[in-house]
Number of protein chains: 2
Amino acid sequence: MINDHKAALDRFYGSHKRMPTYAEMATLFGFKSKNAVAKVVDKLVDAGAVVKDHLGRLAPTSLFGEVKMLGLIEAGIPAAHEEETLDTTTLDEWLIRDREASFILRVKGDSMEEAGIIEGDFVLVERTEKAKLGDIVVAEVDGSWTLKYLRQNSQGYYLEPGNKKYRNIYPETDMRVGAVVRSVIRRYGK
Amino acid sequence: MINDHKAALDRFYGSHKRMPTYAEMATLFGFKSKNAVAKVVDKLVDAGAVVKDHLGRLAPTSLFGEVKMLGLIEAGIPAAHEEETLDTTTLDEWLIRDREASFILRVKGDSMEEAGIIEGDFVLVERTEKAKLGDIVVAEVDGSWTLKYLRQNSQGYYLEPGNKKYRNIYPETDMRVGAVVRSVIRRYGK
DNA sequence: AGTATAGGTGAACGACCGTTCACCATGCAA
DNA sequence: TTGCATGGTGAACGGTCGTTCACCTATACT
């Protein structure tokens with residue numbers, strides 16, 4: 001019942017990137033009076049489905065547009081009705097530290113296979129100067145870009161692939177670290 | 001200059017989940033008059049940084065809260081000033097089909113190693129009845145949950161691990177597919 | 001039957017919204 | 001030096017906001 005209303009708000013927020021006004025909600029819920037909306041909103045606030053600003057305006061709570069975080073695989077999937085008390089987050093907040101500096105690249109080749117990064121995977125990278133040793137970096141060596149571990153020896157920095165089939169890369173002229181890999185994302189299906 | 005304003009709006013939207021009012025923007029930008037704000041907003045609209053609703057209200061454009069999608073690794077990282085014409089998306093929109101049915105689980109063990117899913121990875125799963133053969137599923141077999149390929153032979157469904165160290169699992173009593181893996185997500189660093 | 005109660009309508013309210021106007025200050029170009 | 005964009009202030013405007021009031025049903029409970 002009230003879940004329908006919450007779902008409607010969720011959909012509206014998803015497509016408009018803001019909460020509807022009371023007048024819009026009246027249309028949305030099929031009411032002719034804003035008062036009917038106000039009563040529904042009160043219930044939604046009580047239920048914690050939405051919150052109100054310092055001045056009246058609605059804002060989605062953490063329940064909106066978020067994904068539930070569970071424990072280990074072994075714990076399994078909860079039944080639909082026992083989904084209380086789950087931690088939730090948006091993927092963006094969870095994965096992205098510095099939005100302006102972040103990019104997604106698609107991985108080609110098998111040179112990082114043993115690190116669990118395979119052809120077709122996406123990597124979320126962050127353009128930064130502060131790559132640490134051992135990080136997986138997107139680097140430009142002698143004119144072309146690759147994805148490798150950043151290592152260092154007495155000669156200086158070099159790149160190590162995550163696949164024994166390939167050799168380490170010692171830069172001939174110069175090497176530039178463009179970005180550090182923060183996450184790997186693999187999509188299945190379509 | 002105007003990028004500062006855009007960034008301020010981005011921050012506000014990120015924390016409040018809505019666009020600020022003109023009065024709030026005046027404070028935000030350090031103006032004393034809403035008119036100064038209106039002029040800035042006009043420029044932002046012209047620049048495509050925000051859009052206006054059917055009635056005045058601001059909404060973030062696709063440029064807000066999104067991540068740039070690039071091509072293959074080999075293409076490398078673009079310089080900061082040549083970031084035009086990139087496809088962008090939010091991770092949530094990109095990865096999540098059915099939000100209500102989606103969960104994130106943490107992977108334990110190495111039984112899907114050859115599928116590029118290693119211990120500590122997260123899987124974004126979707127609770128569904130329509131698992132297809134070959135999908136990686138979260139299934140309950142004889143009381144405990146595992147992550148495996150869904151297969152079928154003349155005896156019926158069974159599970160196949162993505163690691164030759166382990167054997168196929170033929171359910172003794174019953175097997176229940178709880179969810180299908182839609183994405184794998186691996187995070188580096190803290 | 002009588003009567004709370006929940007859920008809806010319709011109209012009115014003050015407050016604040018986004019917009020606009022007149023005006024002022026600065027800096028650059030003619 | 002004059003002229004004129006540019007970028008700001010402050011005040012005013014109608015419109016819509018969220019809220020509230022009185023009132024009208026149904027349904028459920030004595």
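Hydrogens, waters and symmetry mates play no part in the numbers below; they use all other heavy atoms, side chains included. A note on names: the letters A, B, ... follow the listed sequences, proteins ahead of strands, and every chain is numbered from 1. Not measured: the values here are computed from a predicted model.
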Test item: [X] side-chain N/O and [Y] main-chain N/O as donor-acceptor pair under 3.5 Å:
X       : Y       : value
T146(A) : K148(A) : no
E93(A)  : T90(A)  : no
R187(B) : D121(B) : no

Are OP1 or OP2 of [N] and a side-chain N or O of [X] less than 4.0 angstrom apart?
X      : N       : answer
K43(A) : dG7(C)  : yes
K34(B) : dC21(C) : no
S33(A) : dG10(C) : no
K39(A) : dT5(C)  : no

Would you kindly give the [atom1]-to-[atom2] distance between [X] and [N], to the nearest whole Å?
X      : N       : atom1 : atom2 : value
D42(B) : dG18(C) : CG    : P     : 13 Å
N35(A) : dG7(C)  : CG    : C1'   : 10 Å
R18(B) : dC17(D) : CZ    : C1'   : 13 Å
M25(A) : dT9(C)  : CE    : P     : 15 Å
F29(A) : dT9(C)  : CZ    : P     : 13 Å
L58(A) : dC17(D) : CG    : P     : 12 Å

Next on the checklist: For F31(A) and A23(B), find the nucleotide of DNA chain C closest to each by heavy atoms; which residue's nucleotide sits nearer the 5' end?
Outcome noted: F31(A)
Checklist entry - Are any of the side-chain nitrogens in K164(B) or E114(B) under 4.0 Å away from the carboxylate oxygens of its partner? => result yes
Item to check | Nearest to side-chain heavy atoms of Y22(B), which nucleotide of dT9(C), dT19(D), dT19(C) | outcome: dT19(C)
Checklist outcome for this item: Side-chain contact check for R57(B): nearest option of dG8(D), dG8(C), dC17(D) is dC17(D)
Next on the checklist: Regarding K32(B), tell me which of base, sugar-phosphate or nothing describes its non-hydrogen contacts under 4.0 Å with the strands shown.
Outcome noted: sugar-phosphate
Item to check | Pair Y170(B), N153(B): side-chain N/O donor-acceptor within cut-off below 3.5 Å | outcome: no
